[in-house]
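Only a predicted model underlies this, so the values are computations on that prediction, with no experimental measurement involved.
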Amino acid sequence: QVQLVESGGGLVQAGGSLRLSCAASGHTFTNYTMGWFRQAPGKEREFVALINYSATSTRYADSVRGRFTISRDNAKNTVYLQGNSLKPDDTAVYYCAAGLNVRPYATRSVYTNEYSYWGQGTQVTVSS
């Protein structure tokens with residue numbers, strides 16, 4: 001079992017920044033590829049970014065590339081998502097997820113069912 005707890009969400013004006021954190025406990029953190037997903041009201045959960053176990057590979061959704069940065073600190077069992085130049089369309093509940101054997105550049109790495117463990121989510125609201 002892996003337990004994930006997100007934090008850092010909140011209300012921010014368009015053009016602002018937020019840093020989300022996801023603290024992991026349980027199984028060995030470094031075994032897992034970590035992902036961030038988001039879900040806006042009335043929409044399906046969508047992929048945002050992922051980072052492999054050693055932080056040598058990352059992948060981003062087109063909608064956030066160049067504005068968001070995913071990182072991880074394996075000594076602290078924590079993964080981060082830095083969002084800059086935020087837009088109202090970024091408003092959503094953000095979830096972190098952990099998956100074993102998720103290859104960063106495989107097509108299915110952006111699918112929710114590739115990830116076994118999920119946090120409870122943190123709300124990000126971007127006002128215009």
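Q3 contributes atom CD, which lies 11.5 Å from atom CG of N77 (distance to the nearest 0.5 angstrom). Separating the CZ atom in R59 from the OH atom in Y105 is a distance of 8.0 Å, to the nearest 0.5 Å. Here the CD-SG distance, from E6 to C22, works out to 5.0 Å after rounding to the nearest 0.5 Å. Here the straight-line distance linking atom OG1 of T91 with atom CZ of R38 works out to 9.0 Å at 0.5 Å rounding. Rounded to the nearest 0.5 angstrom, R72 CZ and L50 CG are separated by 10.5 Å. Note that the OG1 atom of T69 and the OH atom of Y60 stand 4.5 Å from one another [nearest 0.5 Å].
Closest approach of L86 and L18 over heavy atoms only: CD1-N, 3.8 Å. Nearest heavy-atom pair, G9 versus T122, reported as atom, atom and distance to 0.1 Å: N-OG1, 3.2 Å.
Hydrophobic clustering places Y32 together with V79 (ILVMFWY residues linked when any side-chain heavy atoms are closer than 4.5 Å, directly or through intermediates). Side-chain heavy atoms closer than 4.5 Å link hydrophobic residues (I, L, V, M, F, W, Y) into clusters, and following such links, even through other members, never connects Y80 to L4. Cluster annotation: Y94 and M34 are assigned to the same hydrophobic cluster (Ile/Leu/Val/Met/Phe/Trp/Tyr, side-chain heavy-atom contacts under 4.5 Å, transitive). Clustering ILVMFWY residues whenever any of their side-chain heavy atoms sit less than 4.5 angstrom apart, transitively, puts Y117 in the very cluster that holds L20. Side-chain heavy atoms closer than 4.5 Å link hydrophobic residues (I, L, V, M, F, W, Y) into clusters, and following such links, even through other members, never connects Y95 to F29.
T56 contributes no side-chain N or O that, together with a main-chain N or O of S54, makes up a donor-acceptor pair within less than 3.5 Å. Judged by distance alone, the side chain of T125 and the main-chain N or O of L11 form no donor-acceptor pair under 3.5 Å.
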Between W118 and R45, is the side chain to side chain contact (heavy atoms under 4.5 Å, CB included) condition met? List the steps.
CA-CA 12 Å; W118 292 83; R45 194 168 298 188; 3.4 Å; yes

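The residues K87 and D90 are annotated as not salt-bridged, no charged nitrogen and carboxylate oxygen being separated by less than 4.0 angstrom.
For the residue pair N52 and T33, no side-chain donor N or O sits within less than 3.5 Å of a side-chain acceptor on the partner.
Between Y115 and F37, the ring-plane angle classifies as perpendicular under the 30° and 60° cut-offs.
Other residues, nucleotides and ligands place no more than 12 heavy atoms under 6.0 Å from the CZ atom of R103.
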